[in-house]
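Before any comments, here is the structure.
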Amino acid sequence: MLLSLAIWVPIAAGLLVLACGDDRKAPLQRTLALVGALGGFLVTLPLWAGFAAHSAGMQFVERLNWIPRFNISYHLGVDGISMLFILLNSFITPLVVIAGWTVIEKRVGQYLGAFLIMSGLLNGVFSALDGMLFYVFFEATLIPMFIIIGVWGGANRVYAAVKFFLYTFFGSVLMLVSLLYLYNKSGGSFEIQDWWRLPLALDVQHWLFFGLLFAFAVKVPMWPVHTWLPDAHVEAPTGGSVVLAAIMLKLGAYGFVRFTLPILPDASRDLAWLMIALSLVAVVYIGLVALVQTDMKKLIAYSSISHMGFVTLGFFIFNSYGVEGALIQMISHGFVSAAMFFCVGVMYDRMHSRNIADYGGVVNTMPKFAALMMLFAMANCGLPATSGFVGEFMVIMGAMRADFWLAFAAATTLIFGAAYTLWMYKRVIFGAVANDRVASLQDLNSRETLVLGALAIAVLCMGIYPAPFTDVMHASVNELLRHVALPKF
Amino acid sequence: MNLLSLIDHIPALPEMLLLLGTCVVLIADLFVKSERRTGSFVAAQVVLLLCVIATLTIQWVSGTSKFVLFNGLFVSDVMANLLKLVAYLAVSVTLVYARQYLLDRNLMRGEFISLLLFALLGMMLMISANSFLTAYLGLELLSLCLYAMVALNRDSAASTEAAMKYFVLGALASGMLLYGMSMIYGATGSLSIPEIARQISTVSNDGTQHAFLVFGLVFVVCGIAFKLGVVPFHMWIPDVYHGAPTAVTLVIGTAPKLAAFAMAIRILGTGLLDLAHDWQQMLVILAVLSMGLGNITAIAQTNLKRMLAYSTIAHMGFMLLGLLSGWVGGNLLNKTDAYAASMFYTVVYVMMSAGSFGMLLFLSQKGFECENLEDLKGLNRRNPWFAFILLILMFSLAGVPPTVGFYAKLAVLSAAVNAGQIWLAVVAVVFSLIGAYYYLRIVKLMYFDEPVDATPVPGHADMRVLLSLNGLALLALGILPELLMELCFVAIKSL
């Protein structure tokens, strides 16, 4: 019941907001949206409180026959891997609503409605245990995101929205064929857990691996199918960028742990070299690309790709440090990238520029903001005591167990990450006041302080005491690794 | 004819009622003075309602049993009843959507209504055909009505040209179909579909008789392909869709697809099933070409009606995926699922097509045709609700969940994968990706662009309600598709 609430409370609130009418009702719509988002967050809290951490099985399971003709069921459940993402998503949604409170002025109801509906759909993706239900939620999230980028985005928003949609749609239609093949092979079952036990010949596993790889790699995004992300991020409104970076990118990585690794363990081991190579390209090369960006949002977008490279790297070294580190990195990146995009949003709302060159000396006029952004920049470089450190450190430990040079290459991210983040921070925040517009900046208002403060607490808590996060995933990750180690044919 | 044999003919009651009703409407219309033709419009809706009641009663009484009437010319089974019900609904909705458009253009004449009802009669005959003869007669009745309706606006050169093209090509296709049928008649000595099936099953796979049958089959497939409008027999579709008044395009683009599907199932899926090895390969080519050409060419269109025409071609190619997946190397286990998937696809497509053309009619006004892409610019500003309905329609056509268009694609793709045609499924999804672009473009125009003319959209209450229901039905069926899927399955099982 809890998972259904996590999905349908935000969607119902979103529909209610949409039903309110046009912009004359904007204050009412904002309040309603906030209530809906907070309600959505509150119903997910018992998930963590009531979670049995020692169990690797699915919890809070719900199962209803949905389309008996195809044996598709409304089957929900979470394990230690997926539970945290539902919380993360439900935590980010109210922040997005608050952050857009005064910034979005036209078509407020549609904006908020789209976000709430998307939030519910994303919870659906993370809790679906039926392959087709997963696919339906996975695809349905494209519609609100497409609208959000296209309507409230920047100058080149149409190009970005269409590119975003077609890229991800391309990946997912190939996944659809793979899912149908699995359905056929398993004798008519869409249950993901049935597929885990399904024996598959090695060559079939290879084909399916690539079928699923497109869908997930585009979403992550992995090099070389990452090019939609900088465009989408740059053009999307702040809230859109936040949800995109914090949640949507996790769908792809989540797909790897939920589908690719357990269903196709042999192909995953066979092709691990490819995945590791692509991940390292993302970590190193995209890190260098981030260094030369002049647009702050683009820089953070590339930094996201680089960080997500760490996640895929962690998955494909097949040890518990790697996988858990990758999952932690996903959660942490959810907080940190959201915070970074909020920070850029704060400056953009005042200056209407994302160009690093237009800034300088912001610390003189916005000291509170500069302090908070400092924390997030440090977390982005992986400084100890911030959440960014935990995941990266665990993945590097895992990589060290696999191969020294792998760990060495991965660890360069600590240098590049620090370089591009801190250099940007230095150019924007420090130095002399660059121009009159910077001189007239106002520091954070209470709403912005609330949003960034909440994220700062999350980043610090996770960095200082990550055990609550890792404890819930131990059992599930170990079970996953045991499963991946066994040949399937 | 005594009373007992009259009772035997009750399964054909809907057709009789419709014929009678149409004749009444035809004559009564002469006495209707009003320019608005309200009397004829209401009478036609009443006739349709009576047909619905008759069909439902027959279905309720007969259950899954099937009745063959008129010396084996006519069959009444679940599939026929279901398709007829959808056809009534489509025609009834068409009348509502088309009314204001036709009134604004002085085209709301009695002819439109009676031709539409006669066309429906033709479709019903095709749907219930148990013999090549009935199928052909139904097809001709339908086609002749459509030719005349395309030319309804006789002062328009484009309409007349479209009607001419449609007529010439349609006559050619009918000729081919008839030629193929005569070949098969020559080889089997019968026109009755079950009898032909029985005869073919005794023919060896390599004799002269088999060659003769395949020769006939090629022509029959051409005829059916023309009616469905799949490549390379699609030439008429864009011109006719574009040239005809939008109200008539709505007629052509909806219910006749059901009849063409029924004809394909009856002739290929029942009568010539033992030749499936031969026609399956033809359908593979037709399907791939249609999905490819339809989706790619649609991108280049700036006219909405032409774009939807190419989209029809692509969708019919998709529908064929189900038809051709029924037969797997001599094994028919997959047949019911595959044909049911095709049927589901067709029914869903008719709903989407009715909604899309209905929207064009809704946005057109007196002296203004909504038919170019830019006419949709900024619709979200002008009327957010109908922009949302069109959004659902477009995502449904593109096959994005949670709209029912996705489940239609899912069903046929699943049939293709189950039949081992994985490469075909991959080709299909890649083309559907290409297709997604032009549906997205419409969403883009509505939501991302500023309106050229910011006046709110007028439109009549009945149409507003019906169009909203049409769009919401796609969403509702997308969330709960089971009922319609199950109905299609039961219908195909009863064959």
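Protein chains get the first letters and strands the later ones, always in sequence-line order, with residue 1 at the start of each.
- Most heavy-atom pairs under 4.5 Å with chain B: of the set A/Leu166, A/Leu179, A/Leu142, A/Ile72, this distinction falls to A/Leu166.
- Options A/Arg107, A/Glu139, A/Lys185 differ in how many heavy-atom pairs under 4.5 Å they form with chain B, and the most are formed by A/Arg107.
- Counting all heavy atoms, side chain and backbone alike, B/Phe448 lies closest to A/Arg157 at O-NH2, 2.7 Å.
- Pairing each heavy atom of A/Ile143 with each of B/Pro401, the nearest pair is CD1-O, 3.8 Å.
- Looking at B/Phe489, the atoms closer than 4.5 Å to chain A (heavy atoms on both sides) all sit in the side chain, from C-beta outward.
- Heavy atoms closer than 4.5 Å to chain A are found nowhere in B/Arg441, neither backbone nor side chain.
- Counted by atom type alone, A/Asn65 and B/Glu482 present zero donor-acceptor pairs between their side chains at under 3.5 Å.
- No donor-acceptor distance shorter than 3.5 angstrom exists from the side chain of A/Arg69 to the backbone of B/Pro481, with no hydrogens or angles considered.
- Using bins of under 30°, 30° to 60° and over 60° for the plane-to-plane angle, the ring pair A/Phe146/B/Phe395 lands in the perpendicular bin.
- Only the side chain of B/Tyr407 has a heavy atom closer than 4.5 Å to any heavy atom of chain A.
- Of the two parts of A/Tyr183, only the side chain, counted from C-beta on, holds a non-hydrogen atom closer than 4.5 Å to a non-hydrogen atom of chain B.
- Ranking B/Val417, B/Asp337, B/Leu440 against chain A, the residue ahead of the rest is B/Leu440, based on heavy-atom pairs under 4.5 Å.
- The contact between A/Leu176 and chain B is made entirely by side chain atoms (from C-beta outward), counting heavy-atom distances below 4.5 Å.
- Side-chain contact between A/Met132 and B/Phe406 is present, with at least one heavy-atom pair separated by less than 4.5 Å.
- In this structure, A/Val177 and B/Ala425 approach most closely via the heavy-atom pair CG2-O, 4.1 Å.
- Distance check: A/Leu18 CG to B/Trp385 CH2 gives 10.0 Å after rounding to the nearest 0.5 Å.
- Minimum heavy-atom separation, A/Phe70 to B/Ala411: CZ-CA, 3.7 Å.
- Summarising the local packing, OH of A/Tyr74 is surrounded by more than 12 heavy atoms from other residues, nucleotides or ligands at distances under 6.0 Å.
- Looking at A/Phe138, neither its backbone nor its side chain comes within 4.5 Å of chain B, counting heavy atoms on both sides.
- Under the 4.5 Å side-chain criterion, counting only non-hydrogen atoms from C-beta, A/Val173 is not in contact with B/Val430.
- When all heavy atoms are compared, the tightest approach of B/Ala436 to A/Phe169 is CB-CE2, 3.6 Å.
- Rounding to the nearest 0.5 angstrom, the gap separating the CG atom in B/Leu410 from the CG atom in A/Leu180 is 5.5 Å.
- Ranked by heavy-atom pairs under 4.5 Å with chain B, the first of A/Trp152, A/Tyr181, A/Phe165 is A/Phe165.
- Contact of A/Leu121 with chain B is not made at all, since no heavy-atom distance falls under 4.5 Å.
- Comparing B/Val443, B/Leu480, B/Asn380 by how many heavy-atom pairs each has under 4.5 Å with chain A, the most go to B/Asn380.
- For chain A, the nearby part of B/Ile479 is the backbone; its heavy atoms alone come within less than 4.5 Å.
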